Amino acid sequence: MPQDTHSPPPETILVAVAWPYANNHLHMGHLAGSYLPADIYARYHRMRGNRVLMVSGSDSHGTPVTVRAEEEGTTPEAIFERYHQSFLDTFEGYGISFDLFTSTNTENHARVTQDIFLRLLEGGHLYEAEQELLYDPKVSRFLPDRYVEGTCPRCGFESARGDQCDSCGATLDAVDLINPRSRLSDATPERRVTSHFMLRLSAFTEQLRAWVEPKTYWRPHVRNFTLGMLREGLPDRAITRDLTWGVPIPLEGYESKRIYVWFEAVIGYLSASKEWAASPLNPNGDPEDWRLWWQAEDAKSVYFQGKDNIPFHTIIWPSILLAYGDLNLPYDVPANQYLTMSGAKASKSRGGVVWAPDALERFDPDPFRYYLAAAAPETSDSDFTWAEFVRRNNDELVARWGNLVNRVLTITRRNFEARVPQAPSTLSPESTALLERVDQAFASVGEAMEAVHLRRALGLAMEVATAANQYLDARAPWVHVKQNRDHAAETLFVALNVISGLASLLNPVLPFTSQRVWTLLAHPGEVQAAGWRRTPVAAGTELPEPTPLFKKLDDSVVEEEEARLTR
RNA sequence: GGCAGGGUAGCUCAGUGGUAGAGCAGCGGACUCAUAAGCCGUUGGUCGCGGGUUCAAAUCCCGCCCCUGCUACCA
């Protein structure tokens with residue numbers, strides 16, 4: 001019988017997702033690395049009845065946006081707006097279900113950031129210090145290290161970047177480069193002294209260590225990397241820059257400076273929560289509701305992003321939170337490794353990537369969600385190939401799951417006048433066993449979901465589909481429908497109920513097609529709202545005419561898409 | 001250089017002390033309801049290399065080789 005496998009009291013969970021930088025469209029690496037895992041996790045918890053707030057936004061500030069604006073002869077706002085809209089479209093297309101996807105370019109965010117800045121200043125966590133930085137006199141701008149090129153002082157490579165030499169791999173300081181030149185104008189940068197606010201990160205080393213040490217449930221690479229950085233000691237870092245595109249410093253006399261992105265962007269998690277609470281999106285209408293996720297003791301916050309973002313979420317953001325006080329530190333930071341594209345790292349700048357908006361013009365979202373979840377880079381880098389995409393689509397979605405739904409519905413339609421057959425009062429052992437197996441899967445899949453082992457969660461759900469195919473084959477309802485109608489009726493009744501359970505189990509990963517299965521089973525409303533349990537299919541229910549859930553893809557897709565990649 | 005992750009069947013990967021696993025590909029078979037899908041059986045591995053600990057190691061320790069990533073003032 002259907003049952004909720006375990007019903008603890010509702011939890012409060014903040015699903016915090018990396019802020020994409022608004023200088024280009026999103027690609028498959030972004031989806032696989034943070035947006036899709038976050039969405040699967042959030043959908044699962046919503047089905048469990050937990051109180052989920054899933055937020056993120058466009059990171060709108062920073063030098064690259066300014067530079068791009070100048071290249072195109074437009075404003076930073078226009079560049080940001082373009083990609084912000086692209087992000088919103090991508091999330092809608094792929095079913096990434098943010099409660100709020102805002103940006104750092106809001107008054108609210110500036111206000112929250114400035115509040116934190118002032119409180120940290122009062123608390124002695126910030127101080128002013130002079131720095132010598134490289135300045136491009138032609139474009140009148142201080143240069144981030146990456147915008148300086150020159151000869152590597154170590155290996156003599158002539159096109160070393162200011163932060164790192166691509167030839168010998170050395171970590172560099174831009175002022176040490178020989179014959180430095182600006183990448184913005186080719187001018188020779190000048191050394192100029194400028195004054196900036198520094199964050200006293202060094203003061204938090206011990207507190208952070210005490211906080212991270214017991215986090216044994218974190219992914220090993222996240223915890224080890226963080227502890228390694230703490231062992232080496234944290235240097236204080238400048239949190240302001242000589243820029244005009246960014247959040248202003250809330251003090252007199254600092255009009256030419258802005259709060260820098262690495263300090264300001266992570267604050268977005270908090271400002272977005274506040275924006276959501278005060279907006280019409282909050283059904284309760286209480287602007288103070290953000291406190292539920294940020295101040296309640298048992299609230300959990302889970303931060304999804306790629307591994308390159310680990311220090312910002314395990315060192316810098318926690319330091320800011322500790323300095324500010326009275327706000328929850330991250331509960332977990334399930335950072336993913338990288339998704340490589342046919343062996344090469346996905347990169348916005350280098351090409352060879354599958355752009356999220358483009359891919360959706362030719363394929364449905366669920367096959368991508370499925371593939372990226374099944375091959376998620378949870379423990380090590382994983383490779384996206386079109387051949388694997390086509391194979392998983394055809395073998396696993398079409399043949400195993402879609403075909404299961406289709407064959408059961410078709411037999412039912414042709415032999416039982418499209419009505420769910422009546423099963424006998426006592427089910428056979430194999431029928432009972434299969435139903436129990438589905439119901440039990442809600443516990444095992446749920447456990448994997450909560451540990452953010454999404455590959456495993458999906459694998460466990462798909463095993464149930466395999467068991468259902470085996471059951472059908474053993475019971476051969478297409479044979480018994482002629483000789484022993486009751487036997488076939490029981491088989492189909494059970495199979496339809498198993499499919500109902502699978503629609504729910506797979507919904508976090510496959511929301512679009514699970515909803516279609518829901519409709520094919522004549523369930524009213526939305527699968528998302530049905531809870532984390534199998535919804536029974538009642539005998540006698542009239543079923544609509546089935547249509548295939550997934551499209552089988554021809555092998556020629558592989559060549560076509562690979563040709564597109566190299567363009 | 002430092003740090004991290006990885007090196008297991010042709011391919012993609014799971015498996016952290018107790019007789020080597022899954023999916024796909026390959027081979028064979030029974031079936032035919034279904035988008036020729038599904039089901040059953042089967043071939044295939046000195047678990048990167050060399051030492052060590054142990055009654056027992058893919059799994060723990062040491063050394064080495066190779067791959068990837070990170071190394072935080074691009075975000």
Side-chain angles (χ1 to χ4, degrees), chain A residues 18-23 59 61-65 67 131 133-134 142-147 154 161-164 168-171 173-174 196 201 219-229 231-232 234-235 237-241 260-262 265-266 305-312 315-316 337-338 340 343 345 348-349 374-375 377 379-383 385 387-388 391-392 394-400 402-415 455-456 459 462-463 465-466 468-474 476-479 481 488 491-492 546-552:
Chain A
W19 289 56
Y21 196 53
N23 72 341
D59 181 355
H61 299 136
T63 305
V65 167
V67 171
Q131 286 189 308
L133 295 174
L134 293 176
F142 279 95
L143 295 166
D145 284 354
R146 281 218 176 177
Y147 283 85
R154 203 170 108 152
R161 290 175 321 192
D163 58 337
Q164 184 172 30
C168 71
T171 305
D173 205 329
H196 284 298
L201 268 182
R219 292 185 181 175
H221 71 275
V222 176
R223 182 162 171 273
N224 289 344
F225 183 60
T226 304
L227 289 173
M229 282 174 40
R231 258 196 310 277
E232 285 171 26
L234 302 176
R237 295 183 61 189
I239 64 159
T240 53
R241 286 293 184 282
Y260 203 48
V261 282
W262 69 258
V266 287
Q305 75 272 292
K307 62 178 163 185
D308 50 342
N309 254 325
I310 291 171
F312 294 95
I315 302 278
I316 291 172
Q337 309 276 339
Y338 282 136
T340 55
K345 182 191 166 188
K348 277 184 177 177
S349 47
T379 52
S380 58
D381 291 355
S382 65
D383 198 32
T385 63
E388 263 300 280
R391 188 196 68 73
R392 285 199 187 264
N394 290 352
D395 291 355
E396 298 176 18
L397 288 179
V398 174
R400 196 187 307 173
N403 183 51
L404 169 67
V405 174
N406 198 45
R407 67 198 295 212
V408 170
L409 289 173
T410 303
I411 306 171
T412 304
R413 189 168 185 84
R414 294 205 182 137
N415 298 286
R455 292 168 80 130
R456 179 169 161 75
M462 288 300 284
E463 280 178 11
T466 297
N469 276 321
Q470 290 166 336
Y471 169 83
L472 273 187
D473 223 76
W478 51 91
V479 173
V481 81
T491 306
L492 294 170
T547 52
L549 293 179
F550 304 99
K551 296 182 195 113
K552 184 159 182 174

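Only heavy atoms go into these numbers, but all of them, side chains included; no hydrogens, no water, no symmetry mates. From a predicted model like this one, the values you see are computed outputs, not experimental measurements. A note on names: the letters A, B, ... follow the listed sequences, proteins ahead of strands, and every chain is numbered from 1.
Counting any heavy atom pair closer than 4.0 Å across all strands shown, A:Arg231 reaches no nucleic acid atom. Using a 4.0 Å heavy-atom cutoff across all strands shown, A:Val261 reaches sugar-phosphate atoms only and no base atom. Base contact: A:Leu549 has a heavy atom under 4.0 Å from a base atom. Counting non-hydrogen atoms under 4.0 angstrom, A:Leu472 reaches nothing in the nucleic acid. Counting non-hydrogen atoms under 4.0 angstrom, A:Lys307 reaches the backbone sugars and phosphates but no base. Within the nucleic acid shown, A:Ala399 comes within 4.0 Å of sugar-phosphate atoms alone, with no base atom in reach, counting heavy atoms only.
Closest to the side chain of A:Asn469, from the set B:C33, B:G38, B:U35, is B:G38. Among the nucleotides B:G23, B:C70, B:C73, the one closest to the side chain of A:Arg391 is B:G23. Considering only the side chain of A:Pro235, B:A72 comes nearest among B:C33, B:G23, B:A72. Nearest nucleotide to the side chain of A:Pro64, out of B:G23, B:A4, B:C74: B:C74. Here the side chain of A:Asn403 is nearest to one of B:U32, B:G38, B:C73, namely B:G38. In the set B:A37, B:A72, B:C33, B:C33 carries the atom at the smallest distance from any side-chain atom of A:Asp473. Here the side chain of A:Phe225 is nearest to one of B:A37, B:C73, B:C70, namely B:C70. You'll find that the side chain of A:Gln470 is closest to B:C39, out of B:U35, B:C39, B:G5. Checked against B:C33, B:A72, B:C39, the side chain of A:Thr410 finds its nearest nucleotide in B:C33. Residue A:Arg455 has its side chain nearest to B:C13 when only B:G23, B:C13, B:A72 are considered.
B:U16 and B:C27 are spaced 34 Å apart, taking the P atom of each and rounding to whole Å. Across B:G7 and B:A58, the matching P atoms stand 15 Å from one another, rounded to whole Å. Straight-line distance between the C1' atoms of B:G17 and B:G52: roughly 16 Å, to the nearest whole Å. Comparing the same atom, P, in B:C13 and in B:C74 gives a spacing of 32 Å after rounding to whole Å. Atom name P, nucleotides B:G18 and B:C61: the rounded distance is 15 Å, in whole Å. For the C1' atom pair drawn from B:C66 and B:U8, the interatomic distance equals 16 Å after rounding to whole Å. Nucleotides B:A57 and B:A30, compared at atom C1', are 42 Å apart to the nearest Å. On the C1' atoms, B:C70 is 32 Å away from B:G21, given to the nearest whole Å.
Close to B:C73, at under 4.0 Å from its OP1 or OP2, lies no side-chain N or O of A:Gln131. Contact annotation: A:Asn406 does not reach the phosphate of B:C33 (side-chain N/O to OP1 or OP2, under 4.0 Å).
Pairing of B:U59, defined by two Watson-Crick or G-U wobble distances under 3.5 Å, is not identified with any nucleotide.
A:His61 places no side-chain N or O within donor-acceptor distance of the main-chain N or O of A:Val261, the cut-off being under 3.5 Å. Not one N or O on the side chain of A:Asn406 forms a donor-acceptor pair closer than 3.5 Å with the backbone of A:Pro546. The backbone N or O of A:Ile411 lies less than 3.5 Å from a partner atom in the side chain of A:Asn415, making a donor-acceptor pair.
Contact annotation: the side chain of A:Leu133 never approaches that of A:Leu143 to less than 4.5 Å [non-hydrogen atoms, C-beta and beyond]. At least one side-chain heavy atom of A:Tyr471 sits under 4.5 Å from a side-chain heavy atom of A:Thr491.
Between A:Phe225 and the choices A:Arg223, A:Met229, A:His221, the side-chain contact (heavy atoms from CB on, under 4.5 Å) rule is met once, by A:Met229.
Atoms CZ (A:Arg407) and P (B:U32) sit 12 Å apart, rounded to a whole Å.
A:Asp395 CG to A:Glu388 CD: the interatomic distance, rounded to the nearest 0.5 Å, is 9.0 Å.
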